[in-house]
Amino acid sequence: MKVKRVQCFSAVLLISLMSGNLFSSQVFASETATSETATSETATSETATSETATLETATSEAATSETATLETATSEAATSEAATSNEISQKSYAEKKYENVQMNSEPTNDSNINKDTDNDGKLTYFKEVNGYVPKIDEIIEKNIPRGNGECIGDKITKSYTDEVDLNAKSVMDTNLDDYSNNGYLEKVKNPNNHPSTDSSNTDEDLYGPGNLEVQHWQNGPNDATKTQNWRVVFATDYAINNAVLTVTLPYDNVSVTNVTDWVINRYYPAVTNNNNIYTNYLVPLDISFNGNVATINFGNIVGYSAFGMIFSKTFDVPQDFSKDLKVTSARVIGTWKSDELNADSKYIKSSKTEPSIIWQNEVCPIPIDPETPETPETPETPETPETPETPSKMNVAENQTRITSLSNKVNNNLIEKNTVKATKSHNGDTLPKTGESKSTIFSVIGGIILLGFGSVTILRKKYSLK
């Protein structure tokens, strides 16, 4: 009985270990049960525990798989969002704010790190558009013969005019890196006034025949602006007739200051390393305002002239322009003095520039090709003639016999003739003439020659057949 109680206790202890309730009330209750009952309960408990464990394992594995899949998807999404966020965070303020403007960036160094307003470790500047707009006359001639006259098309002749059109524009934004030297949306320049640009670049589409830009600075940040200043700088490489400068400001009631002397004697010498060519002062004939638009009339001006004017606006109360950034533009119009220009004049397109011709809608007749003759049939290869049989030795012998027989017949005929002649001669009691003897000799010799010729002929046929 003690043995049975030990076995019972061991079984119950095993069940308790499997169920994780080693010290539960079930263990103590089962100690007083009989051995048979304990054994039955143990078996039932083990089966239930096994099924429960299997179910729990399957459920756990499924849950783990779903959790892993969800975690992977979440991780990938988070990684993608982090990458996108990182890309956005790496963009400068200028790149985020002005997505449609081309930019140039350069790393900061100890000398310019204070200009890095957005603290991204680089200085990002606007890449301004060329504000020089050459004017073109376009003549279209339709159905014009071309080349040898067989083709016709529309001939478009593009020639440049002497109309002047120079443009500049800038935005005031103190959040830009080095903002007073930044924010140029449009500008006219060339290596004569901005040699710091790549003067080795011969693409004249990047340059214009002078300089026009709207420089800018203010007191206070965007959200607390006290005063804004717009300085228009203008210089021309060539003479202009009836030159007019218009400046479109973001507001009216501005004050103006003529700074032409500063432009000629300080600004251009500084930016050209004291190689300033703009030494002629431009003096306006008159200045007028129509609301926020200023018009400055110069009349006729000479080449290498320059002008500068500041338009200032002071506010009684600091203004918040952070959501309404201000822009000012300038434009110069007039007519280029063409008699001082030629086809080689740099950075300008004028009536002296070689016209360009473009052909469109060309139509050429398609030649009628003669019918291609049919390819003659390849003649059949003639059959190879059969090789004649080599004559047998019997045939050669027969030919030789025939020739010998023929020769004998000839000789017999000659002998018979000579015999007849000799008989007649003896009947006449006269001796044969010498000539008759010679004839007989010649006949014999001829027979021999004929025999030899026949033999040679037979031999030649024999060897040629071999």
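No experiment lies behind these values; they were computed from the predicted model shown.
No salt bridge links K346 with D344; every basic N to acidic carboxylate O contact stays at or beyond 4.0 Å.
Applying the ring pair (Phe, Tyr, Trp, His ring centres under 6.0 Å) criterion to W262, with sequence neighbours excluded, gives Y267. Annotation: salt bridge (Lys or Arg N to Asp or Glu O under 4.0 Å) contacts of E186 (sequence neighbours excluded): none. With sequence neighbours excluded, no residue forms a ring pair (Phe, Tyr, Trp, His ring centres under 6.0 Å) with Y160. Shown here are the side-chain hydrogen bond (donor to acceptor under 3.5 Å, both in side chains) partners of Y179, two or more places apart in sequence or in another chain: there are none. For D339, the side chain to side chain contact (heavy atoms under 4.5 Å, CB included) partners are K337, not counting sequence neighbours. Residues satisfying the ring pair (Phe, Tyr, Trp, His ring centres under 6.0 Å) criterion with F311, sequence neighbours excluded, are absent altogether. Residues satisfying the side chain to side chain contact (heavy atoms under 4.5 Å, CB included) criterion with S312, sequence neighbours excluded, are N229, S255, I310.
Considering only heavy atoms from C-beta on, D162 stays 4.5 Å or farther from Y238 through its side chain. Side-chain contact between I144 and I152 is absent, with no heavy-atom pair separated by less than 4.5 Å. Annotation: side chain of E128 is in contact with side chain of K189 (closest heavy-atom distance under 4.5 Å).
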Distance-only criterion, 3.5 Å: show the donor-acceptor pairs between side-chain atoms of residues 240-253 and protein atoms not counting sequence neighbours.
residue: Y251; atom: OH; partner: Q228; partner atom: OE1; Å: 2.6
residue: Y251; atom: OH; partner: W230; partner atom: NE1; Å: 2.9

Atom pairs and distances, side-chain donor-acceptor, residues 352-365, under 3.5 Å, sequence neighbours left out:
residue: K352; atom: NZ; partner: S338; partner atom: O; Å: 2.9
residue: K352; atom: NZ; partner: L341; partner atom: O; Å: 3.2
residue: T353; atom: OG1; partner: S350; partner atom: N; Å: 3.0
residue: T353; atom: OG1; partner: S350; partner atom: O; Å: 3.2
residue: N361; atom: ND2; partner: D154; partner atom: OD2; Å: 2.7
residue: E362; atom: OE1; partner: R146; partner atom: NH1; Å: 2.9
residue: E362; atom: OE2; partner: R146; partner atom: NH1; Å: 2.8

Contacts table for residues 130-140: side-chain donor-acceptor under 3.5 angstrom, sequence neighbours left out:
residue: N130; atom: OD1; partner: Y132; partner atom: N; Å: 3.1
residue: N130; atom: ND2; partner: D205; partner atom: O; Å: 2.7
residue: N130; atom: ND2; partner: Y207; partner atom: O; Å: 3.1
residue: Y132; atom: OH; partner: K349; partner atom: N; Å: 3.0
residue: Y132; atom: OH; partner: K349; partner atom: O; Å: 3.4
residue: K135; atom: NZ; partner: D165; partner atom: OD2; Å: 3.1

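Within the structure, salt bridge (charged side-chain N to carboxylate O under 4.0 Å, His left out) contacts touching residues 206-230 (residues at least two apart or in different chains) do not occur. Here disulfide (SG to SG under 2.5 Å) pairs that include residues 207-302, with residues two or more places apart or in two chains, number zero.
Between F321 and F315, the angle of the ring planes goes over 60°, which puts this pair in the perpendicular group of the 30/60° scheme.
For F307 and F234, the gap between ring centers reaches or exceeds 6.0 Å.
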Quick one, D116 with N119, criterion side chain to side chain donor-acceptor pair (under 3.5 Å). Give me CA distance, side-chain angles, the key distance, then yes/no.
CA-CA 5 Å; D116 184 12; N119 297 315; over 6 Å; no

